[in-house]
Amino acid sequence: MAGCSQGWVFLLAVLVLALSTPCSQAYLKHKKFKTKTDVYLSPKFVLEPGLSSNKYFYNIQFPKGHIGIKSFNAEVVDAEGRSTPLNETYLHHWVVLRYYARKSYVEPKQQSPFQLSESDVIWVENSGVCQSGSLGQYYGLGSETRKTATHVPGRYAIEVGDGKGLPDGFEERWMVNVHAIDTRGVEDNLGCTECRCDLYNVSRDPSGQPLPAGYTGGLLCCTDGAKCRLKQGFDGEKINHYLRYTVKWVDWSEFLLPAKIYIFDATDIMNSSAPAASKHNCQVEYDVAKSCNATGVCLDNKWAKITMPTGGYVIYGVAHQHKGGLGSTLYGQDGRVLCSSTPMYGNGTKAGNEAGYIVGMTTCYPWPGSVKIKNAESLTLVSSYNSTQMHSGVMGLFYILVAETL
């Protein structure tokens with residue numbers, strides 16, 4: 001027994017010594033970090049049967065200070081706070097962008113980011129490779145929003161509020177773009193959610209120019225206020241809606257590690273010989289033609305070659321697709337799979353499990369250090385869709401979070 005007692009005393013002494021070291025004290029201090037949660041509502045947007053609402057809300061409520069974002073989740077709700085099902089209100093997308101604005105500047109309502117005063121607004125985009133003004137959001141999802149994880153693991157976080165590049169007289173702000181389509185009573189549900197131009201009776205783009213040749217559907221045809229064709233005689237009430245978004249965050253500390261956001265696009269046409277600002281041409285959306293091979297396989301693969309500007313360790317990954325999507329995979333230069341993300345289709349009636357809709361996307365959370373991308377490594381993104389029928393205005397985006405250090 002004496003030997004056992006001496007052993008316990010020795011182990012206790014070692015533990016006390018270990019806990020007295022600076023690294024251990026730092027770890028204990030880190031363990032006291034508490035994740036804070038804030039829930040907000042966007043300004044109201046009103047829908048009626050067939051109506052497309054594509055709203056830009058500036059200077060939205062958001063946690064203040066130098067913080068690390070741990071997750072950002074959102075969904076469409078009605079005035080009573082009830083989750084709105086996709087078979088009534090289809091959530092085409094929501095995206096959140098960060099920007100610096102002159103403190104005295106008041107953003108005009110319902111103007112796109114490209115229309116804001118360049119002398120009063122500076123957009124702070126993610127680390128992705130798409131051309132400036134395209135896919136610069138920090139977060140963004142669509143119909144899959146309720147069942148897609150956005151949590152940043154471990155000691156990693158998205159660092160914001162650090163004041164880097166913030167000019168005197170400016171402040172950090174956030175904008176959310178919410179695009180929702182009321183499909184109650186529409187003649188063609190899939191066609192309306194895919195923004196088919198004939199169903200919206202649109203032949204010109206928002207600037208008044210004729211639509212590009214061969215353009216059958218997409219964002220140009222379901223702009224704010226556009227209305228999709230209804231079944232004859234259908235009538236329905238107007239309903240107030242909101243985007244309810246939940247932000248989980250921690251106060252920034254030297255013990256946290258920043259993760260960079262990269263968004264890749266399967267439509268990216270890369271020109272390596274072009275100037276840096278125009279090397280990439282991300283078109284964001286594309287069409288899937290109806291096609292099957294001789295063996296009856298109906299599969300459309302859209303792929304893009306992308307050069308990763310700065311390497312690091314992948315700590316999270318997820319794809320964004322529309323109805324008909326079968327999944328996306330991001331490959332390394334040697335053909336290894338960096339992350340594969342597949343859609344989850346609903347099979348019920350309640351919000352979050354609507355039959356036939358993509359209600360979630362699987363995510364990747366690699367073991368830290370197990371998935372590394374080298375500097376200037378050539379990546380391949382493949383977005384796959386079922387091509388038993390034509391689809392218009394689909395997307396093949398891929399989000400990854402990369403940490404430069406472990």
Side-chain angles (χ1 to χ4, degrees), residues 40 42 45 52-58 60-62 69-76 86 89-99 112-114 123-152 158 160 173-181 193 195 218-219 222 224 242-249 259-268 282-286 316-323 325 328 330 339 341 343 357-364 381 383 393-402:
Y40 305 104
S42 75
F45 56 96
S52 170
S53 172
N54 192 8
K55 303 295 187 186
Y56 296 93
F57 299 120
Y58 295 96
I60 61 171
Q61 292 179 294
F62 205 87
I69 304 175
K70 294 296 291 183
S71 68
F72 191 111
N73 296 295
E75 66 167 335
V76 173
L86 293 169
T89 298
Y90 179 74
L91 181 56
H92 187 282
H93 69 261
W94 60 264
V95 295
V96 175
L97 286 90
R98 179 187 178 201
Y99 65 104
S112 74
F114 305 106
W123 292 98
V124 186
E125 299 184 334
N126 60 56
S127 301
V129 297
C130 288
Q131 67 273 24
S132 180
S134 178
L135 301 176
Q137 65 264 26
Y138 270 49
Y139 286 93
L141 292 171
S143 66
E144 75 275 23
T145 187
R146 291 188 176 109
K147 289 187 176 179
T148 301
T150 65
H151 180 69
V152 184
I158 309 300
V160 299
R173 296 180 185 177
W174 294 82
M175 181 273 282
V176 64
N177 168 221
V178 186
H179 187 188
I181 302 171
T193 59
C195 301
L219 292 171
C222 55
D224 184 55
Y242 306 82
L243 187 76
R244 181 169 62 200
Y245 56 102
T246 302
V247 186
K248 292 188 177 183
W249 57 281
K260 291 184 176 181
I261 304 168
Y262 289 87
I263 301 178
F264 303 125
D265 182 7
T267 69
D268 188 0
C282 297
Q283 300 171 48
V284 183
E285 57 182 4
Y286 65 100
Y316 169 86
V318 68
H320 169 67
Q321 290 188 312
H322 291 185
K323 189 182 291 187
S328 294
L330 187 65
C339 177
S341 177
Y357 292 87
I358 294 180
V359 297
M361 294 293 296
T362 64
T363 52
C364 296
L381 170 60
S383 175
V394 304
M395 296 185 181
L397 309 182
F398 213 103
Y399 294 68
I400 62 171
L401 296 182
V402 176

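Heavy-atom basis, side chains included; hydrogens, waters and symmetry copies ignored. This is a predicted model, so every value here is computed, not measured.
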| field | Among Tyr58, Tyr99, Phe62, the one residue meeting ring-ring contact (aromatic ring centres under 6.0 Å, His included) with Trp174 | value | Phe62
| said: I need the Arg146 CZ to Glu75 CD distance, nearest 0.5 Å. | reply: 4.5 Å
| Student check: side-chain heavy atoms of His320 and Glu144 closer than 4.5 Å | yes
| query | To the nearest 0.5 Å, how far apart are OG in Ser127 and OH in Tyr262? | reply | 4.5 Å
| Check: Ser383/Tyr286 side-chain N/O donor and acceptor closer than 3.5 Å | yes
| note | Rounded to the nearest 0.5 Å, the NZ atom of Lys260 sits from the CD1 atom of Ile158 at a distance of 11.5 Å
| query | Between Lys70 (side chain) and Val152 (backbone), is there a donor-acceptor pair under 3.5 Å? | reply | yes
| query | Any side-chain heavy-atom pair from Thr145 and Tyr139 closer than 4.5 angstrom? | reply | no
| task | Could you pull out all residues at least two apart from Ser143 that satisfy side-chain contact (heavy atoms from CB on, under 4.5 Å)? | result | Leu86, Tyr90, Ile358
| Taking all non-hydrogen atoms of both residues, which atom of Pro113 and which atom of Met175 are closest, and how far apart? | CG-CE, 3.6 Å
| note | For Leu381 and Ala266 the tightest heavy-atom approach is CD2-N, 3.5 Å
| note | To the nearest 0.5 Å, atom CD1 of Ile261 lies from atom CD of Glu125 at 11.5 Å
| request: Could you tell me how the ring of His92 sits relative to the ring of His322: parallel (under 30°), tilted (30 to 60°) or perpendicular (over 60°)? | output: perpendicular
| note | Smallest heavy-atom separation, Phe398 atom then Leu330 atom, equals CE1-N, 4.2 Å
| Counterpart residues, side-chain contact (heavy atoms from CB on, under 4.5 Å), relative to Ser112 (two or more places apart) | Tyr56, Phe114, Gln115
| Checking ring-ring contact (aromatic ring centres under 6.0 Å, His included) for the pair Tyr40/Tyr245: CA distance, chi angles, key distance, verdict? | CA-CA 5 Å; Tyr40 305 104; Tyr245 56 102; 5.3 Å; yes
| remark: Heavy atoms of Thr267 and Val284 approach each other most closely as OG1-N, 3.1 Å
| field | Evaluation steps, side chain to side chain contact (heavy atoms under 4.5 Å, CB included), between Gln321 and Ser341 | value | CA-CA 10 Å; Gln321 290 188 312; Ser341 177; over 6 Å; no
| request: Mark yes or no for whether Ser134, through its side chain, and Cys130, through its backbone, hold a donor-acceptor pair below 3.5 Å. | output: no
| message | To the nearest 0.5 Å, what is the distance between CD on Gln137 and CG on Leu397? | response | 7.5 Å
| request: Would you please test Val178 and Leu91 for side chain to side chain contact (heavy atoms under 4.5 Å, CB included) and show each step? | output: CA-CA 8 Å; Val178 186; Leu91 181 56; 4.2 Å; yes
| message | On a heavy-atom basis, which atom in Arg98 and which in Tyr138 lie closest, and how many Å separate them? | response | NH1-OH, 2.8 Å
| task | Mark yes or no for whether Asn54, through its side chain, and Asp224, through its backbone, hold a donor-acceptor pair below 3.5 Å. | result | no
| task | Would you please say whether a donor-acceptor pair under 3.5 Å links the side chains of Asn73 and Thr150? | result | yes
| query | Can you check whether Cys222's main-chain N or O pairs, donor with acceptor, with His179's side chain at less than 3.5 Å? | reply | yes
| request: Report the distance from atom CG of Leu243 to atom CH2 of Trp94, rounding to the nearest 0.5 Å. | output: 7.0 Å
| said: Looking at every non-hydrogen atom in both residues, tell me the closest pair between Leu219 and Met395 and how far apart they are. | reply: CD1-CE, 4.3 Å
| Residues two or more places apart in sequence or in another chain: which of them pass salt bridge (Lys or Arg N to Asp or Glu O under 4.0 Å) with Lys323? | none
| field | Donor + acceptor pair across side chains of His93, Asn177 (<3.5 Å) | value | yes
